[in-house]
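These numbers were taken from a predicted model, which means no experiment stands behind them.
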Amino acid sequence: MLKSNSKIDNRLSLIGVVSDTPKRRKSPNGIEHCSIWLEHHSEQTEAGFKRSASCKMAVQISGNQLIQKTQSITVGSKLLVVGFVHAHKSAKGFSQLVLHAEQIEFID
């Protein structure tokens with residue numbers, strides 16, 4: 001049986017290209033947020049076979065420490081985002097996985 005460590009159980013790193021214009025807002029308690037869509041395409045090996053892997057994932061960037069980096073994010077920016085995944089529910093009740101960024105790096 002694997003031991004659980006809640007601090008590291010929910011980690012995701014994803015490299016991709018920003019596909020939509022970043023959306024910025026400020027919460028009622030003054031926290032700044034930036035939402036982006038990150039599109040990923042790669043070739044992976046699974047069970048000894050090569051396969052194409054692709055996804056488009058919503059990314060939430062929050063807080064003063066990371067929000068400064070978002071000023072340079074534009075459509076086409078290539079990023080490495082590391083964080084945790086959380087399900088957000090829409091007004092219609094649909095669930096969507098969102099990557100909540102804890103680290104962001106620009107990739108040339």
Side-chain angles (χ1 to χ4, degrees):
M1 180 180 210
L2 294 174
K3 284 189 171 186
S4 175
N5 181 342
S6 61
K7 185 69 175 157
I8 60 171
D9 284 348
N10 186 348
R11 307 294 309 148
L12 177 69
S13 65
L14 185 65
I15 292 175
V17 175
V18 176
S19 62
D20 298 83
T21 303
K23 293 187 171 89
R24 300 172 200 293
R25 66 180 180 82
K26 191 179 271 195
S27 67
N29 60 358
I31 297 173
E32 293 189 54
H33 301 278
C34 179
S35 299
I36 62 171
W37 283 93
L38 201 60
E39 198 166 326
H40 169 89
H41 298 283
S42 65
E43 188 174 274
Q44 303 293 321
T45 302
E46 181 179 37
F49 294 93
K50 292 188 186 259
R51 69 176 296 172
S52 293
S54 61
C55 67
K56 187 173 181 181
M57 182 168 245
V59 177
Q60 180 69 41
I61 305 161
S62 301
N64 294 336
Q65 187 176 4
L66 287 179
I67 212 72
Q68 292 175 5
K69 282 191 173 186
T70 69
Q71 300 307 315
S72 302
I73 295 175
T74 59
V75 173
S77 294
K78 189 172 184 182
L79 305 174
L80 163 63
V81 179
V82 179
F84 64 92
V85 178
H86 177 69
H88 289 219
K89 284 201 176 182
S90 71
K92 295 181 180 181
F94 296 109
S95 187
Q96 174 185 30
L97 289 180
V98 176
L99 174 56
H100 286 255
E102 295 177 321
Q103 296 175 314
I104 302 169
E105 289 182 33
F106 286 86
I107 297 175
D108 296 329

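- For the pair E43/R51, no side-chain contact is recorded, criterion being any heavy-atom separation below 4.5 Å from C-beta on.
- Once rounded to the nearest 0.5 Å, the distance linking CG of L14 with CG of L79 reads 9.5 Å.
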Requested in this report: Carefully, step by step, assess H33 and Q60 under the rule side chain to side chain contact (heavy atoms under 4.5 Å, CB included).
Outcome: CA-CA 7 Å; H33 301 278; Q60 180 69 41; 3.1 Å; yes
Requested in this report: Report the C-alpha distance between E102 and H100 in whole Å, list the side-chain angles of each, state the deciding distance to 0.1 Å, and finish with yes or no for side chain to side chain donor-acceptor pair (under 3.5 Å).
Outcome: CA-CA 7 Å; E102 295 177 321; H100 286 255; over 6 Å; no
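- Taking each heavy atom of I61 and A101 in turn, the nearest pair found is CG1-CB, 4.0 Å.
- The structure places NE2 of H40 at 11.5 Å from CE of M57, a figure rounded to the nearest 0.5 Å.
- Taking a 4.5 Å side-chain heavy-atom cut-off between Ile, Leu, Val, Met, Phe, Trp and Tyr, the cluster of I107 extends to I15, L80, V82.
- T70 and I67 make their closest contact through OG1-O, 2.5 Å (heavy atoms, listed as atom of the first residue, atom of the second, distance).
- Although no hydrogens or angles enter the test, the distance criterion places a donor-acceptor pair under 3.5 Å between the side chain of S27 and the main chain of I31.
- Counted within 6.0 Å of CD on E105, heavy atoms from surrounding residues, nucleotides or ligands total 12 or fewer; the atom is thus considered open.
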Query raised in the report: How far apart are the C-alpha atoms of V98 and H86, what are their side-chain angles, what is the distance that settles it, and do they pass the side chain to side chain contact (heavy atoms under 4.5 Å, CB included) test?
Result: CA-CA 5 Å; V98 176; H86 177 69; 5.6 Å; no
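- The backbone N or O of V85 sits less than 3.5 Å from a side-chain atom of N10, completing a donor-acceptor pair.
- Once rounded to the nearest 0.5 Å, the distance linking CZ of F106 with CD1 of I73 reads 4.5 Å.
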**Report entry** Test log, rule side chain to side chain donor-acceptor pair (under 3.5 Å), inputs H88 and S90
**Finding:** CA-CA 7 Å; H88 289 219; S90 71; over 6 Å; no
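- The hydrophobic cluster containing F84 does not contain L12, counting ILVMFWY residues as joined when their side-chain heavy atoms lie under 4.5 angstrom apart, directly or transitively.
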Query raised in the report: Passes side chain to side chain contact (heavy atoms under 4.5 Å, CB included), V17 versus S77? Steps please.
Result: CA-CA 6 Å; V17 175; S77 294; over 6 Å; no
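- Within a 6.0 Å sphere centred on CD of Q65, heavy atoms belonging to other residues, nucleotides or ligands number 12 at most.
- How far CG of L38 is from CD1 of I104: 10.0 Å, rounded to the nearest 0.5 Å.
- Once rounded to the nearest 0.5 Å, the distance linking NE2 of H41 with OG of S54 reads 5.5 Å.
- Rounding to the nearest 0.5 Å gives a distance of 8.0 Å between NZ of K23 and OG of S35.
- Other residues, nucleotides and ligands contribute only 12 or fewer heavy atoms inside 6.0 Å of the NZ atom of K78.
- In terms of heavy-atom proximity, K89 sits nearest to G93 at CD-O, 4.4 Å.
- No more than 12 heavy atoms of other residues, nucleotides or ligands lie within 6.0 Å of CG in D108, so this atom counts as exposed by the packing criterion.
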Query - Verdict with reasoning, S19 to K56, per side chain to side chain contact (heavy atoms under 4.5 Å, CB included) - result: CA-CA 8 Å; S19 62; K56 187 173 181 181; 3.1 Å; yes
Query raised in the report: Given S42 and Q44, is the side chain to side chain donor-acceptor pair (under 3.5 Å) satisfied, shown in steps?
Result: CA-CA 6 Å; S42 65; Q44 303 293 321; 2.7 Å; yes
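- L99 and W37 are members of different hydrophobic clusters when ILVMFWY side chains are connected at heavy-atom separations under 4.5 Å.
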